[in-house]
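Note that the structure is predicted; figures quoted are calculated from it, not measured. Quick note on labels: first sequence line is chain A, next is B, and so on, each numbered from 1.
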There are 2 protein chains.
Amino acid sequence: MGIVMNIGQAADASGVSAKMIRHYESIGLVPQADRRDSGYRDYDPEDVHRLSFVRRARDLGFPLERIRVLLGLWGDPTRSSAEVKALALTHIEELEEKARHLQEMADVLRGLADACDGDGRPHCPIIEGLEAGSVPASSPSGERLISRSSSTSLPSRRSPSPGRR
Amino acid sequence: MGIVMNIGQAADASGVSAKMIRHYESIGLVPQADRRDSGYRDYDPEDVHRLSFVRRARDLGFPLERIRVLLGLWGDPTRSSAEVKALALTHIEELEEKARHLQEMADVLRGLADACDGDGRPHCPIIEGLEAGSVPASSPSGERLISRSSSTSLPSRRSPSPGRR
DNA sequence: TGTGCGCCTTCCCATCATGGGAAGGTCAAC
DNA sequence: GTTGACCTTCCCATGATGGGAAGGCGCACA
């Protein structure tokens, strides 16, 4: 009795690759699958359901450790929806933070690209923007810098200020 | 002659960690630094300038391999700004693509979270959303599924359709 | 001159999620 | 029985960064 599938079928049905199913099992994200005499893993619909849950959580960008918590909440009939919601809101914050960061980088770069003619000449505000303060070629003071003549005489080398880095 | 600094000073001046400077050198992103007799690396303002360039490119999200190209264009007086601009625009596309993806995930999750009471009760649309199609418990047909009685007799197991995955 | 401390060196390991591939065993259809 | 798709485990790779160990160097201060 029981409907059973091997890892490839479970992979197809859940959308999680066989490779990843084995991995999730190895890190304890999902329970160890039953084995046939041959050593093949067996999956039933409940297993596949759990794997699908994991896949959807990943599709929403949840890191595996948070999915571990989600799985725990999922299987806990006494959980409060507040716990789940808090987890989700935290994750939403992180997603939007990352999205903002990426968009900000794109915007800065767009600003440079807009100023670039994009023609055959070498002049390019994008490169100049990356250079940003131009070469501090001949440094004004010896602050953090030392001078040396060829390879002889190594004079004082660094300000002795402690805890520099 | 020559203003020279060790790797820690170059790290401070460029904003690239000493660890990363060594790494960039090891993968050939930046040229090998000169060495003192002691084995310490030496950096001059040009080196620091290049490292700063790399750091700004990284701050704009460029992957190292693209930075490698950027460095090549930077040092090439015959480059056309069109080349640089094309590289930048490609990168902007990728950044915005990723930002959209993240924001999309956040929006989906926000929709679920908005539907969640977030109270002390277990009912939670977020969890349900992750379950998505509910358990395909007793599968309708034997498509991809097999039945088994306990652990005896393993009948036909899989449709022989080739190139399944 | 010695000592101490902070810096340097190399090398290995960890992250995070995923995949590639090798070597070898299993299964089922023809 | 052979074939070919599937399964098993194990190791390595990605991309960018960091942690940390073990040991050497540099320099200021006592």
Side-chain angles (χ1 to χ4, degrees), chain A residues 4-12 15-30 32-43 51 54-55 57-68 94 98 101 144 146 148 153-165, chain B residues 4-12 15-27 29-30 32-43 51 54-55 57-68 94 98 144 146 148 153-165:
Chain A
V4 149
M5 46 198 354
N6 62 28
I7 199 171
Q9 293 166 313
D12 284 354
V16 179
S17 73
K19 207 92 181 182
M20 280 301 100
I21 293 176
R22 292 191 194 97
H23 179 59
Y24 292 163
E25 180 182 315
S26 81
I27 64 173
L29 185 69
V30 298
Q32 296 206 318
D34 288 342
R35 300 287 185 134
R36 295 181 197 161
D37 291 347
S38 65
Y40 281 24
R41 289 173 178 81
D42 263 355
Y43 295 88
L51 288 168
V54 171
R55 195 185 83 85
R58 280 230 43 79
D59 284 350
L60 290 178
F62 282 96
L64 294 189
E65 285 315 304
R66 249 205 268 280
I67 294 177
R68 197 188 291 276
E94 294 182 8
K98 285 183 195 162
H101 184 218
R144 297 192 162 171
I146 59 171
R148 190 177 60 174
S153 75
L154 303 168
S156 75
R157 180 173 299 289
R158 168 177 289 200
S159 64
S161 57
R164 208 181 43 74
R165 24 186 301 126
Chain B
V4 150
M5 46 198 354
N6 61 29
I7 199 172
Q9 294 166 313
D12 284 355
V16 178
S17 73
K19 206 95 182 180
M20 280 301 100
I21 295 176
R22 293 191 194 97
H23 179 59
Y24 292 163
E25 180 182 316
S26 80
I27 63 173
L29 184 68
V30 298
Q32 297 206 318
D34 287 343
R35 301 287 186 134
R36 296 181 196 161
D37 291 346
S38 64
Y40 282 24
R41 288 173 178 80
D42 264 353
Y43 296 88
L51 289 168
V54 170
R55 194 185 84 84
R58 281 230 41 80
D59 284 349
L60 291 178
F62 282 97
L64 295 189
E65 285 315 303
R66 248 204 269 280
I67 294 176
R68 197 187 292 274
E94 294 182 6
K98 284 182 196 163
R144 294 190 166 178
I146 59 170
R148 191 177 59 173
S153 75
L154 303 169
S156 76
R157 179 174 298 289
R158 169 178 287 199
S159 64
S161 58
R164 208 180 45 70
R165 28 182 300 126

Rounded interatomic separation in angstrom, taking [atom1] from [X] and [atom2] from [N]:
X: A:I27; N: C:dT15; atom1: CD1; atom2: C1'; result: 13 Å
X: A:E94; N: C:dC16; atom1: CD; atom2: C1'; result: 14 Å
X: B:I21; N: C:dC7; atom1: CD1; atom2: P; result: 14 Å
X: B:Q9; N: C:dG6; atom1: CD; atom2: P; result: 16 Å
X: B:E25; N: C:dT9; atom1: CD; atom2: C1'; result: 12 Å
X: A:R66; N: C:dA17; atom1: CZ; atom2: P; result: 11 Å
X: B:D42; N: D:dC25; atom1: CG; atom2: P; result: 16 Å

Nearest-0.5 Å distance that lies between atom [atom1] in [X] and atom [atom2] in [Y]:
X: B:I21; Y: B:S26; atom1: CD1; atom2: OG; result: 12.5 Å
X: A:L51; Y: A:Y24; atom1: CG; atom2: OH; result: 9.0 Å
X: A:R41; Y: A:I7; atom1: CZ; atom2: CD1; result: 5.0 Å

Quick check on D:dC7: is either OP1 or OP2 less than 4.0 Å from any side-chain nitrogen or oxygen of A:N6?
yes
A:L29 versus A:L64, closest heavy-atom pair with distance:
CD1-O, 3.7 Å
Contact summary for A:A11 and A:S17, nearest pair of heavy atoms:
CB-C, 4.0 Å
B:R22 with B:E25: basic N within carboxylate O range, under 4.0 Å
no
Please encode protein proximity along nucleotides 8-19 of chain D as a string of B, S and -, counting only heavy-atom distances under 4.0 Å.
BB------SBSB
